[in-house]
Amino acid sequence: MTATKKLTADQASDLIFDALVGAGTVARNARYFADAILDTELSGLEGHGFYWLQYYCEHVQSGKVDGKATPVVKRLTNVSFRVDAKNGFAHPAIEKGFAHLVPAALENGIAAMAVHNSYNAATLGYHTGYLAQQGLVAFGFTNSSPAIAPVGGTKPVIGTNPMSFAVPGKKGRIAFLIDQSSSQVAWTAVKRAAEENQVIPLGWAIDRSGQPTTDPEEGLKGSMAPAGGYKGFGQGLIVETMCAALAGANRGQEMGSMMANDGLPVGNGQFFIALEPKMFSGGLFEKQIERLIASITSQPGARMPNSRRQENIKKNLKGGLTIDKALYDKIKAYTERHV
């Protein structure tokens, strides 16, 4: 049996923050990022929290990402902004941009923000959820390195390219949130299956010849399967357009590796659109959202998107988080460099 360690939410927060700083990230760039990683872990999104933290730390040390970068926000108009992440983490660039995006959207009804020279945005729904908590309807997009081949093709062109949509509720809550990749499953799920010598279900990936495979190694060499066939690839193209063409960032095929410690920046992009709902709806937004949600949750067994995450957060805040002991030790080693 694999050895594990139990952490409270506060202990996990300290571990994440101290590891990022210990690896070479300045404190001002680490807080929002640490909060996002903790939220991901509390939400029960296995493989996206602690698991990726080890790579974030490695990438700072290899020079792939600049933990000391100072993002620059350029105001294009009163409602449009372009953020240069300066080859640093995506999170401080997004956080700095949101400081302009949120008030602009609240005042004008709509605002948009592009991010370039960026890095892994991790759980995209954390960012759109943040905007929803400010009372805004939010769209978010982020592109990634090639992992999905076009329908009928075999060579990956676009990444798993997630998009997210978040809806505000009452008193700073999130009414509901959608966060989905363009692939059938997250790329990390296939990678972890390969690391653990497990087979994957048919429909997750195809091999280099375009055939469905249960071998995760062959899937990683081939292509992730798009969600819903051509519909998933179509979603991925939308994201690629928003994050490469519109944001002026790298296309998937132009990016540095999301994994290798080669010192080469990723240079991908993010794009966010925020809308003030009361203004557009004539004051009917909250009532309509409440009725919409009730029409779903009143059905036995039906649930809203993000409800499982919310349940996991409550459970894990109370019961604590479990982390593989070997992974904990690896992350903990970075914290010891934080003086």
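All residue numbers refer to positions in the sequence shown, counting from 1.
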Taking the side chain from [X] and the backbone from [Y], do they hold a donor-acceptor pair closer than 3.5 Å?
X	Y	result
Asn268	Met255	no
Thr77	Val79	yes
Asp84	Val72	no
Ser164	Ile178	yes
Ser182	Asn161	yes
Lys64	Ser257	yes
Ser13	Ala9	no
Gln134	Phe98	no
Asn250	Gly267	yes
Glu240	Gly252	yes

Residues Lys68 and Asp66 bridged, charged N to O under 4.0 Å
no
If you measure from the Lys or Arg side-chain nitrogens to the Asp or Glu carboxylate oxygens, is any gap between Arg28 and Glu95 under 4.0 Å?
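No salt bridge links Arg28 with Glu95.
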Hphob cluster co-occupancy, Met113 + Leu106, side-chain heavy atoms under 4.5 angstrom:
yes
I'd like to know whether Thr4 forms a side-chain hydrogen bond (donor to acceptor under 3.5 Å, both in side chains) with Lys325, so could you lay out the CA-CA distance, the side-chain angles of the two residues, the decisive distance to 0.1 Å, and finally the verdict.
CA-CA 4 Å; Thr4 60; Lys325 182 62 166 55; over 6 Å; no
For Ala247 and Gln270 the tightest heavy-atom approach is CB-O, 3.9 Å
Which pair of non-hydrogen atoms, one from Ala12 and one from Phe50, has the smallest distance, and what is that distance?
CB-CZ, 3.9 Å
Ring pair (Phe, Tyr, Trp, His ring centres under 6.0 Å) contacts touching residues 278-306 (sequence neighbours left out)
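Listed by first then second residue: nothing to list.
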From the options Thr142, Leu136, Leu124, select the one residue that forms a side-chain contact (heavy atoms from CB on, under 4.5 Å) with Phe272.
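That would be Leu124.
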Measuring from [X]:[atom1] to [Y]:[atom2], what's the distance to the nearest 0.5 Å?
X	Y	atom1	atom2	value
Arg82	Phe271	CZ	CZ	10.5 Å
Leu246	Phe141	CG	CZ	9.5 Å
Leu38	Asn316	CG	CG	9.5 Å
Asn306	Ser43	CG	OG	7.0 Å

Arg309 versus Thr40, side-chain donor and acceptor atoms under 3.5 Å
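No, Arg309 and Thr40 have no side-chain donor paired with an acceptor closer than 3.5 Å.
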So, do Tyr32 and Tyr126 have ring centers that fall under 6.0 Å from each other?
yes
For the residue pair Phe165 and Phe139, does the interplanar ring angle fall in the parallel (under 30°), tilted (30 to 60°) or perpendicular (over 60°) class?
tilted
Can you tell me how the ring of Phe89 sits relative to the ring of Tyr119, calling it parallel under 30°, perpendicular over 60° and tilted otherwise?
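Judged by the thresholds at 30° and 60°, the geometry between Phe89 and Tyr119 is perpendicular.
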Consider side-chain hydrogen bond (donor to acceptor under 3.5 Å, both in side chains). Of Lys191, Arg192, Glu41, which one does Tyr51 pass it with?
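Between Tyr51 and the candidates, side-chain hydrogen bond (donor to acceptor under 3.5 Å, both in side chains) is satisfied uniquely by Lys191.
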So the side chain to side chain donor-acceptor pair (under 3.5 Å) pairs with at least one residue in residues 209-223 (sequence neighbours excluded) are Asp207-Ser209
Only counting residues at least two apart or in another chain, list the ones meeting side chain to side chain donor-acceptor pair (under 3.5 Å) with Thr160.
none
